[in-house]
J.: 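Let me give you the structure first, and then I'll get to my questions.
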Amino acid sequence: MIGNDIVNLTLARKQSNWQRKGWLEKVFTNDEISYIQNSLVPEHSVWMLWSQKEAAYKAHQRLTRCKSWYQPKKIICSLTNEVVTIDNYTFFTTTDIHPEYIYSQAYLKNKISYSQICPGAQGEVRQLLLKYLSKTNFLQIQHLKIVKDSLGIPYIHYHQQQYPQSFSITHHGNYAAFNM
């Protein structure tokens, strides 16, 4: 199971005031807050931990097929080894900090085999994912489609049948990405 999340830093600065009183306490554990406050670039630490939690949450939801329940304080980031714990599950994460975005990926066991970041909207990244899958697996692109189930979890369908490829899509502002 895999997940990903991207944060457009420019848009995050406009949309979120993470420095307002009580915001950190709603999202992060005491250890995570201490880490943020003692880091060289607190803004990067906030969005790094946020994106790790989001990526792990997506992987967890796909794994457990649970209803949406996002409670970020119950998603615990290890501050030494990029591991995120939800319930009894441990997800490994990688995070890229770029001047314009922060991108995290989470996986349960198998590392991500492919990931692509692109400027643009969610629809564009969906098309890139389908083109990549078509090319690498010799599938006819016109028969590939992304379909969400009743829980909102997206799956790939090929000839109207679910295709056994795990993936995750994320977008925020001017950036989008997929991994599989």
Side-chain angles (χ1 to χ4, degrees), residues 1-12 44 47-70 75 77-78 81-180:
M1 294 300 126
I2 60 175
N4 66 351
D5 189 62
I6 196 163
V7 176
N8 178 319
L9 293 171
T10 302
L11 186 57
H44 286 178
W47 300 119
M48 177 192 74
L49 294 174
W50 173 272
S51 65
Q52 288 176 351
K53 287 176 184 256
E54 286 276 343
Y57 170 76
K58 287 179 180 180
H60 179 267
Q61 188 183 28
R62 185 176 288 271
L63 174 68
T64 62
R65 306 226 4 96
C66 63
K67 284 187 173 183
S68 182
W69 60 268
Y70 193 66
I75 303 170
C77 294
S78 168
N81 59 6
E82 293 192 289
V83 168
V84 178
T85 305
I86 304 174
D87 298 329
N88 294 321
Y89 298 99
T90 299
F91 297 92
F92 304 94
T93 65
T94 60
T95 301
D96 296 321
I97 299 176
H98 184 273
E100 297 178 26
Y101 59 80
I102 294 179
Y103 178 58
S104 291
Q105 299 179 81
Y107 54 95
L108 187 61
K109 293 180 183 174
N110 300 326
K111 287 193 173 185
I112 308 302
S113 62
Y114 184 77
S115 179
Q116 185 172 343
I117 300 170
C118 63
Q122 182 180 13
E124 293 171 20
V125 78
R126 287 171 174 254
Q127 284 305 310
L128 284 174
L129 182 152
L130 295 177
K131 285 179 185 177
Y132 174 80
L133 190 62
S134 171
K135 182 178 178 182
T136 58
N137 293 288
F138 307 103
L139 303 172
Q140 298 171 325
I141 194 164
Q142 67 270 25
H143 297 291
L144 285 168
K145 187 175 184 181
I146 296 174
V147 178
K148 289 186 179 183
D149 69 6
S150 62
L151 295 173
I153 300 171
Y155 291 91
I156 295 171
H157 281 216
Y158 186 62
H159 286 288
Q160 301 176 2
Q161 299 292 318
Q162 188 171 321
Y163 191 77
Q165 175 68 54
S166 185
F167 72 99
S168 184
I169 294 177
T170 183
H171 64 95
H172 186 235
N174 296 331
Y175 295 97
F178 72 88
N179 64 5
M180 54 179 43

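Note: hydrogens, waters and symmetry copies are ignored here, and every other heavy atom, side chains too, is used.
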J.: Any side-chain heavy atom of F167 sitting closer than 4.5 Å to one from L133?
T.: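 F167 does not reach L133 side chain to side chain.
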J.: For T170 and K58: C-alpha separation, side-chain torsions, deciding distance, then whether side-chain contact (heavy atoms from CB on, under 4.5 Å) applies.
T.: CA-CA 10 Å; T170 183; K58 287 179 180 180; 3.5 Å; yes
J.: Can you list everything that forms a ring pair (Phe, Tyr, Trp, His ring centres under 6.0 Å) with H143? Sequence neighbours excluded, please.
T.: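 Per chain and number, H143 pairs via ring pair (Phe, Tyr, Trp, His ring centres under 6.0 Å) with H159.
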J.: List the atom of I146, the atom of L130, and the distance in Å for their closest heavy-atom pair.
T.: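 Where I146 meets L130 most closely, the heavy atoms are CG1-CD2, 3.9 Å.
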J.: Taking side chain to side chain donor-acceptor pair (under 3.5 Å) as the test, write out the residues that go with Q161, two or more places apart.
T.: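 Listed in chain order: nothing, the list is empty.
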J.: Donor-acceptor pair, distance only, cut-off 3.5 Å: does the side chain of S168 make one with the backbone of I2?
T.: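 No: the side chain of S168 does not pair with the backbone of I2.
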J.: Indicate yes or no: at least one non-hydrogen side-chain atom of Q140 is less than 4.5 angstrom from one of Y158.
T.: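 Of all side-chain heavy-atom pairs linking Y158 with Q140, at least one is under 4.5 Å.
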J.: State whether the number of non-hydrogen atoms from other residues, nucleotides or ligands found under 6.0 Å of Q142 atom CD is greater than 12.
T.: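 Yes, the 6.0 Å shell around CD holds more than 12 heavy atoms from other groups.
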J.: Do D87 and H60 come close enough that some side-chain heavy atom pair is under 4.5 Å?
T.: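 Side-chain contact under 4.5 Å: yes.
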J.: Taking side-chain contact (heavy atoms from CB on, under 4.5 Å) as the test, write out the residues that go with T136, two or more places apart.
T.: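 Residues passing side-chain contact (heavy atoms from CB on, under 4.5 Å) with T136: Y132.
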J.: Could you tell me the separation between the CG atom of D5 and the CH2 atom of W47, rounded to the nearest 0.5 Å?
T.: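 Result: 10.0 Å between the selected atoms.
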J.: Listed by chain and number, what are the side-chain contact (heavy atoms from CB on, under 4.5 Å) partners of I153, not counting sequence neighbours?
T.: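 Only Q61, R62, R65, D149, L151, Y155 meet the side-chain contact (heavy atoms from CB on, under 4.5 Å) criterion with I153.
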J.: With rounding to the nearest 0.5 Å, note down the distance linking OG in S134 to CG in L129.
T.: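 The CG atom of L129 is 11.0 Å from OG of S134, to the nearest 0.5 Å.
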J.: Give the minimum heavy-atom separation between P119 and E124, together with the two atoms involved.
T.: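 Here P119 and E124 meet closest at O-OE1, 3.7 Å.
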J.: Scan the side chains in residues 93-108 for donor-acceptor partners under 3.5 Å anywhere in the protein, sequence neighbours excluded, and list what turns up.
T.:
from: T93; atom 1: OG1; to: E82; atom 2: O; distance (Å): 2.8
from: T95; atom 1: OG1; to: Q52; atom 2: NE2; distance (Å): 3.1
from: T95; atom 1: OG1; to: S104; atom 2: OG; distance (Å): 2.7
from: H98; atom 1: ND1; to: E100; atom 2: N; distance (Å): 3.1
from: E100; atom 1: OE1; to: Y175; atom 2: OH; distance (Å): 2.1
from: Y103; atom 1: OH; to: N4; atom 2: ND2; distance (Å): 3.2
from: Y103; atom 1: OH; to: S115; atom 2: OG; distance (Å): 2.9
from: S104; atom 1: OG; to: S51; atom 2: OG; distance (Å): 2.6
from: Q105; atom 1: OE1; to: S115; atom 2: OG; distance (Å): 3.4
from: Q105; atom 1: OE1; to: N179; atom 2: ND2; distance (Å): 3.2

J.: Roughly how far, to the nearest 0.5 Å, is NZ of K131 from CD of Q127?
T.: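 Going from the CD atom of Q127 to the NZ atom of K131 covers 6.5 Å.
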J.: Does any non-hydrogen side-chain atom of I6 lie less than 4.5 Å from one of N8?
T.: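 Not in contact.
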J.: May I ask you to decide if V84's main-chain N or O and K53's side chain share a donor-acceptor pair within less than 3.5 Å?
T.: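 No.
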J.: With sequence neighbours left out, write down each residue that passes side-chain contact (heavy atoms from CB on, under 4.5 Å) with L128, or none if nothing qualifies.
T.: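 Residues passing side-chain contact (heavy atoms from CB on, under 4.5 Å) with L128: Q116, C118, F178.
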J.: Would you say Y114 has more than 12 foreign heavy atoms packed within less than 6.0 Å of its OH?
T.: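 Yes, because the 6.0 Å sphere around OH of Y114 holds more than 12 heavy atoms from other groups.
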J.: What's the spacing between T64 OG1 and W69 CH2 if we round to 0.5 Å?
T.: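 Spacing of OG1 (T64) from CH2 (W69) equals 8.0 Å.
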J.: Is any side-chain heavy atom of L9 less than 4.5 Å from a side-chain heavy atom of H44?
T.: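 Yes - at least one pair of side-chain heavy atoms lies under 4.5 Å apart.
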J.: Applying side-chain contact (heavy atoms from CB on, under 4.5 Å), name anything that partners V147, two or more places apart in sequence or on another chain.
T.: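 Partners of V147 under the side-chain contact (heavy atoms from CB on, under 4.5 Å) test: K145, H157.
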